[in-house]
Amino acid sequence: MDNGNTTDSKILILYLVKNAPGVSYQMLMDKCMESLYTDFFVFSQCYNELIAGNLMDKSDVDTGTGEVLGTNETLHITAGGEAILDDVRDFVNPQVMGYLRKAAQELKEALEEQNSVKAFAEPIVDKPGKYLVKLTNTKENKNFECSFVCESKEEADKILASWRNNSNSIMDNFISALNS
């Protein structure tokens, strides 16, 4: 494998993770593939080496965004990763640096949009078969949060999907109904 290609890919990954903290593995991979500066196999190798080298940290969490089922890897750059990025920044081609800035901004905006609507369902320990559903929406400086109990996992899953896809209209209808 071309060492220059892996070096460029690592810089790409570190830069994007630094400038969009909390980005998911899936969003990062999509943005890197879109760049055409790397391919899937180089990305995968570099990603694993950056984690193993303690230049990035990952955490497995349910983000509540529905991006993936279950937990999702979210990423943060470490102090070591920032130090390396600072050391190489002056040597990055200005054209590539321009792309990195634009890609990082797009990724940050997509991450903010995705994280503005969240939906979680947790089983209620002392009520078997019932789920506590929590819904939030912080889009357009509106802060909406509610929670309630569902009678089944299927009902909770349906509500989570509906909220993630239609939260603005559901929220507006809810508030409208309260005001009438």
Side-chain angles (χ1 to χ4, degrees), residues 1-122 134-145 147 160-161 163-164 167:
M1 192 169 293
D2 180 11
N3 193 34
N5 197 14
T6 59
T7 301
D8 292 345
S9 294
K10 286 179 181 179
I11 292 169
L12 171 67
I13 292 167
L14 286 174
Y15 189 89
L16 293 177
V17 170
K18 176 183 170 128
N19 289 285
V23 66
S24 70
Y25 170 85
Q26 188 64 49
M27 289 178 79
L28 177 67
M29 183 185 68
D30 289 348
K31 186 54 80 176
C32 287
M33 297 298 101
E34 177 185 299
S35 75
L36 303 179
Y37 287 114
T38 189
D39 62 38
F40 175 76
F41 299 105
V42 173
F43 170 82
S44 295
Q45 175 192 354
C46 293
Y47 174 85
N48 289 327
E49 288 175 4
L50 290 169
I51 296 291
N54 198 30
L55 301 177
M56 284 189 328
D57 280 334
K58 69 177 179 176
S59 58
D60 295 329
V61 295
D62 180 357
T63 61
T65 62
E67 183 184 8
V68 296
L69 294 175
T71 61
N72 193 12
E73 287 182 6
T74 56
L75 308 166
H76 298 276
I77 193 167
T78 64
E82 284 195 41
I84 287 179
L85 195 55
D86 289 342
D87 287 346
V88 300
R89 182 172 289 142
D90 293 338
F91 302 104
V92 175
N93 175 312
Q95 193 173 16
V96 172
M97 198 63 188
Y99 170 79
L100 288 174
R101 284 189 196 101
K102 180 178 180 263
Q105 185 60 36
E106 290 170 357
L107 196 55
K108 188 174 181 180
E109 288 169 5
L111 187 59
E112 287 170 0
E113 172 72 17
Q114 178 181 299
N115 286 333
S116 67
V117 175
K118 293 189 177 194
F120 296 95
E122 302 168 346
K134 297 178 184 178
L135 309 173
T136 62
N137 182 324
T138 57
K139 280 185 180 178
E140 302 165 7
N141 293 324
K142 296 178 184 176
N143 289 318
F144 181 88
E145 185 175 329
S147 60
L160 297 181
W163 180 256
R164 289 173 181 145
S167 65

- prompt: Between N143 and T136, does a side-chain contact (heavy atoms from CB on, under 4.5 Å) hold up when you go through it step by step?
  reply: CA-CA 7 Å; N143 289 318; T136 62; over 6 Å; no

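By the 4.5 Å heavy-atom criterion applied to side chains, N19 and L107 are not counted as neighbours. Under the 4.5 Å side-chain criterion, counting only non-hydrogen atoms from C-beta, T38 is not in contact with C46. Using a 4.5 Å heavy-atom cutoff, the side chains of V23 and L16 are not in contact. Considering only heavy atoms from C-beta on, N137 comes within 4.5 Å of W163 through its side chain. Using a 4.5 Å heavy-atom threshold, the side chains of L14 and M56 count as touching.
Scanning all heavy atoms of the two residues, the minimum distance from P21 to L111 falls at O-CD2, 3.4 Å. Listed here is the closest heavy atom pair of R164 and A119: NH2-O, 2.6 Å. Closest non-hydrogen pair, S35 versus L12, comes out as OG-CD2, 3.6 Å. Between V117 and S167, the shortest heavy-atom contact is CG2-OG, 3.3 Å. A pairwise comparison of heavy atoms in H76 and G22 identifies CE1-N, 3.3 Å as the closest pair.
Y25 and Y47 have perpendicular rings, their planes meeting at more than 60° on a 0 to 90° scale where under 30° would count as parallel.
Considering CZ of F91 and OG1 of T7, their distance stands at 13.5 Å, rounded to 0.5 Å. Note that CG of D8 and CD1 of I13 are 11.0 Å apart. Values are rounded to the nearest 0.5 Å.
Among residue pairs with one or both ends in residues 45-57, those qualifying as salt bridge (charged side-chain N to carboxylate O under 4.0 Å, His left out) are K10-E49; sequence neighbours excluded.
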Which pairs would a plain distance check flag for residues 77-88, meaning a side-chain donor or acceptor within less than 3.5 Å of a matching protein atom at least two apart in sequence or in another chain?
residue	atom	partner	partner atom	Å
T78	OG1	N54	O	2.7
T78	OG1	L55	O	3.1
T78	OG1	G80	N	3.4
T78	OG1	G81	N	3.2
E82	OE1	K18	NZ	3.3
D86	OD1	R89	NH1	3.4

Result block: side-chain N/O donor-acceptor pairs under 3.5 angstrom for residues 92-102, not counting sequence neighbours:
residue	atom	partner	partner atom	Å
N93	OD1	Q95	N	2.6
N93	OD1	V96	N	3.4
K102	NZ	E106	OE2	3.0

